[in-house]
Amino acid sequence: MRNKKTARQNNLLHFNDTLFQWSLRILGIGVISVLALLIFQLILLSLPTFKAMGWTFFTSHDWDPVKENYGVLSFAYGTVMSSMVALIIACPISIATALFLVEVAPKKIAALIGFLVEMLAAIPSVIYGLWGIFVLAPLLRNTVEPFLAKHLGALPFFQGPPYGIGMLAGGIILAIMITPTITAICKEIFSKIPLQEREAALALGSTRWEMMRIAVLRSSVSGMIGATILGLGRALGETMAVTMVIGNRANISLSLFEPAQTMASVIANEYSEATGDLHLSALAAIGLVLFVISLLTSSLARALVWRIERHPRS
Amino acid sequence: MRATLKLVETLFLLFSYSLAQADETLLINGAGATFPYPLYSKWFHEYTQVDPTVRINYQSIGSGGGIRQLLDKTVDFGASDAPMEDQELKKSTVPILHIPTVLGAVVLAYNLPGVQEALQLTPDVTADIFLGKIKKWNDSRLMQPSKTLRLPELPIMVVQRSDGSGTTGVFTDYLSKVSADWKDKVGNGKSVKWPTGIGGKGNEGVAGIIKQTPGAIGYLELVYAEQNKLPIAAVQNAAKVFVQASPKSITEAANIGTLPSDFRVPITHSPNKEAYPISAFTYLLVYQNMPTLKGEKIVKFLNWAIDERGGQTYAESLLYAKLPTDLIKQVKDKINTITTRAEQKNSSAK
């Protein structure tokens, strides 16, 4: 009698386990199939473009919905370049902020500043965009860009008339938007480093800065790269704020003063009013390219992180 | 706990109330252009007092989206600023009618600090500015029409709509009509390849950039220029008269006698000498043949909307232009050609 009961309980337990296992499995497969379906749909939608344009879709920078010429190159350039500008600005600021919060600032101030930085992530991107048009762009046009042109005008990056609106404005907005992401992760990583390592460095006679460099920064390289890539992921896909300040012109120019356009912003700009079949398909094809670029960058980042984790300090 | 119960109860009551409502009123769904949305939402609200049995639900998702939904038959009517192209009409399995409802205008707004006198633009100067051929404000061609106007030596910054829009469609249609060079190099459409300048997203984006940038000139809908208190250029029309955009001068653009029976005609560069030349209709798009119940209600609504004592009275206070009186009769005749058919079972109508 007792035995039977235990067996039944066991069975029930077993059944619950199986149920749990299967529900996890279905949910897991669900996530992957959404991804697969997305890729499938994108490819299906973009096929007419590849048929009509062939390889020129990837090599042409001409985007002319009236004459039905579609090339993705200038948008790919805009996306990559604006994200790079954002990373160049955001990385040093974020890492320095994280270092300050973990190593230097008193606890109370660190908590306050940390909270404020994270608040940046909660601001809707359209607000960033409006701020970009009404505050950042005039500032760039009247002060920053003339200054850059005067002192660094020899570089190809700072040439041409200062519009305010353009690649530089887009990059700065993106930098502000990805700073909280990078800062938060770096902060986590730095605070995970054992106190003993810091003490060891100090015991060997390092100054505070040397301690941070040897004990904290050097052992966090892979983590910092990971944080940067997460920031990059957000920068690649950000649409609204960038669209409002980047100037939206299919344009490849080294100068950061010039208007440009990103892949996400051209889709957001043109999709709702596109009625031509090829136009719609070309926009889907841009989506596919954006998807592939995002996939490549995150795989690259993964690979980098793995390599560094496997051979630390080699 | 008690609060939760109360909330659930309230929600339930609300839900059942709305269900009861839905039983009595007929829901008509539409989608499309954003430009006439403020007026349409006023109309749909006022119309519930004219006919309490109808409730009209309108989503302003853009003209292109409205046309796509109409072709997919997921809405009862669409709305568009630009008439549908032949190619799009061919995609439809059933005939579609264009009903002009009001008119709007695209204006050229600019930012020139210290310049009080209104700018006067001839068609070829406008085209050359947007082609990037005229680069400075003190170009002699810009100052020519007026003897007293003096312009500063500022670079011209052209501002366009970056998002596909009926506004761009109307403006490029105008430029293609007045400039062979424009037609050849750029052409017309809701999204075009601009030879110069920078793009702002939406009317509000364009207005924002113009307001912030000395030396900027851009095109946008009249309402947005007025709201942002931007100076607006007088544009020379086909009769060589410089005209400022106003509800009256926009209405005059359509006052050009009998129009083609499908109304799918751009009225930019109107020959009327009192007309503002960059004006356009905005349309409601309906099926020629509709299920009886809905069809009758929609016909009744359309007749109200374009009537001088009905919907048209709300136009001018919201800065839209009324249809000319002669045209209203022609449009009403068109509305009355809508036919109805017996409803099939399981149709979407309640």
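Lettering of chains follows the sequences in order, A, B, ..., and the numbering in each one begins at 1.
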Nearest-0.5 Å distance, OG of residue A:Ser272 to NZ of residue B:Lys190: 9.0 Å

Enclosure of B:Lys183 NZ (heavy-atom neighbours >12, cutoff 6.0 Å): no

CE-CD distance between A:Met244 and B:Glu204, expressed to the nearest 0.5 angstrom: 7.0 Å

Region of B:Ile209 in contact with chain A, defined by heavy-atom distances below 4.5 Å: both

A:Phe40 atom CZ: more than 12 heavy-atom contacts under 6.0 Å: no

A:Ile267, part contacting chain B, at a heavy-atom distance under 4.5 Å: neither

A:Phe147 atom CZ, over 12 foreign heavy atoms within 6.0 Å: no

side-chain contact (heavy atoms from CB on, under 4.5 Å) between A:Arg249 and B:Ser162, intermediate numbers included: CA-CA 8 Å; A:Arg249 230 158 89 67; B:Ser162 62; over 6 Å; no

Atom CZ of A:Phe50: over 12 foreign heavy atoms under 6.0 Å: yes

Separation of B:Gln212 CD from A:Ile133 CD1 (nearest 0.5 Å): 8.5 Å

Heavy-atom donor-acceptor pair, A:Lys67 side chain to B:Lys193 backbone, under 3.5 Å: no

Nearest-0.5 Å distance, OG1 of residue B:Thr34 to CD of residue A:Glu273: 7.0 Å

Atom group of B:Thr196 that falls short of 4.5 Å from chain A, counting heavy atoms: backbone

Proximal component of B:Val186, with respect to chain A [non-hydrogen, under 4.5 Å]: backbone

Residues from residues 159-167 of chain A approaching chain B under 4.5 Å (heavy atoms): A:Tyr163, A:Ile165

Contact leader toward chain B among A:Leu130, A:Val266, A:Asp62, where contacts are heavy-atom pairs under 4.5 Å: A:Asp62

Heavy-atom proximity to chain A below 4.5 Å, by part of B:Ser165: backbone

NZ on B:Lys201 to CD1 on A:Ile246, rounded to 0.5 Å: 14.0 Å

Closest non-hydrogen atom pair, A:Pro259 against B:Gly197: CG-O, 4.1 Å

Flag, side chain of A:Asn248 to backbone of B:Gly199, donor-acceptor distance under 3.5 Å: yes

A:Asp277/B:Lys91 salt bridge by N-O under 4.0 Å criterion: yes

